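The chain is numbered in sequence order, starting from 1. In this text, all values refer to a predicted model and were calculated from it rather than measured experimentally.
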Amino acid sequence: MSTVVAVFGGRSEIGLAVATRLAAGATVVLAARPGPMDEAVEACRAAGADRVEVVEFDADDIAAQAGIVDGIEQQVGPIDVAVLAFGVLGDQTVAEHDPQAAAALLHTDFIAQATLLTVLAERMRARGAGTLVAFSSVAGQRVRRANYVYGSAKAGLDGFASGLADALHGSGVHLVIARPGFVIGRMTAGMSPAPFSSTPDQVADAVVERIRAGSGVELWIPWQLRVMFFFARFVPRAVWRRMPR
């Protein structure tokens, strides 16, 4: 039976880049909101996938998550690698003044991620095998005034995933917490890149290397950000609050 790779957020640049790198000889499931998926499917087939399936998936509908995962596994078999690649940047200016906008961003980038990780971890733990990939961000390592709504969601996700990784230790399930910096792509179009920026391909390369290694939880992309954010904790608040996004 071929390896089953499921990407939740199958239309995302990073998620698709990870999928194509793992596609050779595998069954790839692209779970995404309704919309065109032909290019994504063809990219996975061109990368050597044995089978590609598209599943309708609304990350914010947390009540449906367990059923979607069960449906995938009934259709193609147990998920071996699950990549949670969905998320939104949101509009900080709006979210600062609109509680519903803030709640929506927190729901997608933290709550929906945590619930799906829980659903997937329970099934993998019962089988004693599997790999989970969660995308945190350096924005959650020390939250900045300029994007504190998004940053706080990532901080929550990072803490949840860190605790889950420890809970899964010894179970046969490997959880990778990817912490990229600024990623140059569709989500950040029109924004000025920050120092140590990366591309979706660079992020995917690092993630896939870690998946194949089968060990290690925190993954800083690029690695220099780990050093930068070690020292960031010592920056005085009066200076930190003026830091850009």
Side-chain angles (χ1 to χ4, degrees), residues 1-57 59 65-87 113 116-117 119-135 161 164-165 168 170-178 180 183 185-186 198-217 219 221:
M1 183 177 293
S2 63
T3 298
V4 175
V5 178
V7 179
F8 296 88
R11 202 177 284 109
S12 77
E13 289 177 285
I14 294 174
L16 184 58
V18 172
T20 55
R21 284 158 174 75
L22 297 174
T27 294
V28 177
V29 179
L30 301 174
R33 289 180 182 272
M37 292 294 291
D38 290 349
E39 288 187 13
V41 170
E42 182 53 38
C44 291
R45 287 177 177 157
D50 281 350
R51 178 179 177 184
V52 183
E53 298 289 342
V54 174
V55 174
E56 194 169 305
F57 169 67
Q65 288 178 349
I68 289 171
V69 172
D70 288 341
I72 290 171
E73 297 200 325
Q74 289 168 12
Q75 184 178 11
V76 301
I79 296 171
D80 297 293
V81 180
V83 181
L84 279 65
F86 60 88
Q113 307 264 351
L116 184 55
L117 282 171
V119 168
L120 291 162
E122 281 301 289
R123 284 152 181 73
M124 290 181 175
R125 181 160 28 199
R127 296 192 290 265
T131 300
L132 295 165
V133 179
F135 282 94
L164 177 58
L168 292 171
S171 70
V173 183
H174 179 210
L175 193 157
V176 178
I177 305 172
V183 179
R186 287 196 306 262
S198 56
T199 66
D201 284 335
Q202 289 171 325
V203 174
D205 285 340
V207 168
V208 170
E209 181 179 359
R210 179 60 62 86
I211 290 172
R212 289 175 173 158
S215 63
V217 176
L219 175 61
I221 308 167

Requested in this report: Please list, chain by chain and in numerical order, all residues satisfying side-chain contact (heavy atoms from CB on, under 4.5 Å) with Thr3, sequence neighbours excluded.
Outcome: Val5, Ala26, Asp80
Query raised in the report: Are any of the side-chain heavy atoms of Val83 and Val207 separated by less than 4.5 Å?
Result: no
Query raised in the report: Can you tell me if Arg45 uses its side chain to pair, donor with acceptor, with the backbone of Val52 under 3.5 Å?
Result: no
**Report entry** His174 and Ile211, any side-chain heavy atoms less than 4.5 Å apart
**Finding:** no
Query raised in the report: Do Leu120 and Ile79 have side-chain heavy atoms sitting under 4.5 Å apart?
Result: yes
Report task. For Val183, check side-chain contact (heavy atoms from CB on, under 4.5 Å) against everything at least two apart and list the hits. Result -> Ile14, Pro180, Ser198, Pro200, Val203
**Report entry** Residues which pass side chain to side chain donor-acceptor pair (under 3.5 Å) with Glu209, listed by chain and number, not counting sequence neighbours
**Finding:** none
**Report entry** Under-4.0 Å salt bridge between Asp201 and Arg21
**Finding:** yes
Query - Donor-acceptor contact below 3.5 Å, side chain Glu13 vs main chain Arg186 - result: yes
Query raised in the report: So Phe57 and Leu30, side chain to side chain contact (heavy atoms under 4.5 Å, CB included) or not? Walk me through it.
Result: CA-CA 9 Å; Phe57 169 67; Leu30 301 174; over 6 Å; no
Query - Listed partners of Val76 passing side-chain contact (heavy atoms from CB on, under 4.5 Å), at least two apart - result: Val4, Thr27, Val29, Arg51, Glu53, Ile72
Query raised in the report: Does Ala213 have any side-chain contact (heavy atoms from CB on, under 4.5 Å) partners at least two apart in sequence or in another chain, and if so, which?
Result: none
**Report entry** Sole candidate of Asp50, Leu16, Leu22 that passes side-chain contact (heavy atoms from CB on, under 4.5 Å) when paired with Cys44
**Finding:** Leu16
**Report entry** Partner residues of Glu122 under the side chain to side chain donor-acceptor pair (under 3.5 Å) criterion, sequence neighbours left out
**Finding:** Arg125
**Report entry** Any donor-acceptor N/O pair, Arg11 side chain to Pro36 backbone, under 3.5 Å
**Finding:** yes
Query raised in the report: Any idea which heavy atoms bring Ala82 and Phe8 closest together, and the distance?
Result: CB-CE1, 4.2 Å
Report task. Kindly say whether Glu73 contributes a backbone atom to a donor-acceptor pair with the side chain of Arg123 at under 3.5 angstrom? Result -> no
Query raised in the report: Side-chain contact, heavy-atom cut-off 4.5 Å: Leu116 with Val69?
Result: yes
Query raised in the report: Taking the side chain from Gln65 and the backbone from Leu117, do they hold a donor-acceptor pair closer than 3.5 Å?
Result: no
